[in-house]
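In this chain, residues are counted from 1 in sequence order.
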Amino acid sequence: SALRELSTQWGNKLDELTPGMFRFDVGIKKKDGTIRFQFVYIWIVKGQDGGRDKIYMNSRCGTYTSNLNLYNILKESGFSKYSTLTVTNDKLKDGTPCETIIAQAAPYNDTITLPILGDIIFEVALNADYVEEQYFGGDNN
């Protein structure tokens, strides 16, 4: 219900892909006034860290290759308050296994407020969009 409320407030699309797995299409206003959209995937992970539930969210930046400047990409996550960048196992659209750089966050469900949840979702989208634009050639995810 919190995600639906944020979706309504922001005027952004929210899809439930499978029961409990959501895709939030977050709009990011650019300096030139245009809006780019970034998918953030969100679901609950039950019973982590002493039985506490976490709200896990991530957004793709791009497919990892050895040609990337990981030092600079890691420096990009230094300004984040709630999220970080990491590499995770993934699949390309055709199903081929790969590794993907993502922005991610996992706050505890029992301590989050709606405004903070919105801030975290937006930060994950903003970080992924920025890294995607700087290191992967534009809006691909």
Side-chain angles (χ1 to χ4, degrees), residues 2-141:
L3 294 177
R4 284 181 180 79
E5 187 172 338
L6 286 171
S7 173
T8 300
Q9 285 178 12
W10 295 357
N12 292 129
K13 188 175 179 183
L14 177 70
D15 295 311
E16 189 167 10
L17 303 176
T18 60
M21 163 66 92
F22 295 89
R23 182 178 65 195
F24 205 143
D25 201 6
V26 178
I28 301 166
K29 189 172 185 178
K30 304 312 257 182
K31 289 180 183 178
D32 65 3
T34 61
I35 296 177
R36 283 184 23 161
F37 289 91
Q38 186 74 25
F39 287 135
V40 177
Y41 297 87
I42 305 165
W43 65 95
I44 299 287
V45 177
K46 300 261 185 203
Q48 295 268 307
D49 300 335
R52 296 174 75 187
D53 295 348
K54 287 185 174 181
I55 305 168
Y56 186 77
M57 58 191 82
N58 71 37
S59 185
R60 290 180 177 95
C61 304
T63 304
Y64 170 79
T65 69
S66 60
N67 297 331
L68 291 171
N69 186 332
L70 289 180
Y71 176 79
N72 283 347
I73 291 173
L74 285 174
K75 284 183 75 172
E76 300 293 1
S77 70
F79 66 88
S80 301
K81 292 171 84 173
Y82 304 109
S83 64
T84 190
L85 297 171
T86 191
V87 178
T88 190
N89 292 327
D90 201 2
K91 291 183 182 176
L92 300 174
K93 290 180 182 178
D94 68 3
T96 305
C98 68
E99 291 182 309
T100 300
I101 295 177
I102 61 170
Q104 71 173 17
Y108 290 113
N109 190 38
D110 59 0
T111 60
I112 201 90
T113 64
L114 188 65
I116 297 295
L117 178 62
D119 288 349
I120 297 170
I121 292 169
F122 187 76
E123 182 179 288
V124 167
L126 187 65
N127 287 345
D129 182 72
Y130 178 81
V131 170
E132 181 182 37
E133 187 174 10
Q134 294 299 309
Y135 298 95
F136 296 97
D139 193 12
N140 301 308
N141 297 295

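You'll find the side chain of Asn109 stays beyond 4.5 Å of the side chain of Lys54, heavy atoms only. Counting only heavy atoms from C-beta outward, the side chains of Phe37 and Val26 never approach each other to under 4.5 Å. Contact check for Val40 versus Glu123: no side-chain heavy atoms found under the 4.5 Å cut-off. The side-chain heavy atoms of Arg4 and Gln9, taken from C-beta on, include no pair separated by under 4.5 Å.
To the nearest 0.5 Å, the span separating CD1 on Ile116 from OH on Tyr82 amounts to 3.5 Å. Note: Leu74 CG to Ile101 CD1 = 8.0 Å, rounded to the nearest 0.5 Å. The distance from atom OH of Tyr64 to atom CD1 of Ile73, rounded to the nearest 0.5 Å, is 9.0 Å. If you take OG on Ser59 and CZ on Phe39, they are separated by 9.5 Å, rounding to the nearest 0.5 Å. Rounded to the nearest 0.5 Å, atoms CG (Asn89) and SG (Cys98) are 8.5 Å apart. Here the OG1-CD1 distance, from Thr84 to Ile102, works out to 9.5 Å after rounding to the nearest 0.5 Å.
At a threshold of 4.0 Å, the pair Lys91-Glu99 does not count as salt-bridged, since none of the basic side-chain nitrogens sits closer than that to a carboxylate oxygen. With respect to Asp119 and Lys81, no salt bridge is recorded, no charged nitrogen being found less than 4.0 Å from a carboxylate O. Using a 4.0 Å cut-off between charged nitrogen and carboxylate oxygen, Arg60 and Asp129 do not count as a salt-bridge pair.
The side chain to side chain contact (heavy atoms under 4.5 Å, CB included) search around Phe79 returns Asn127, not counting sequence neighbours. With sequence neighbours left out, the side-chain hydrogen bond (donor to acceptor under 3.5 Å, both in side chains) criterion links Asp110 to Arg52.
The two residues Leu85 and Val131 have their closest heavy-atom pair at CD1-CG2, 3.8 Å.
Below 30°, between 30° and 60°, or above 60°: for Phe122 and Trp10 the angle between ring planes is above 60°, a perpendicular geometry.
A donor atom on one side chain and an acceptor atom on the other are found under 3.5 Å apart for Thr34 and Asp32.
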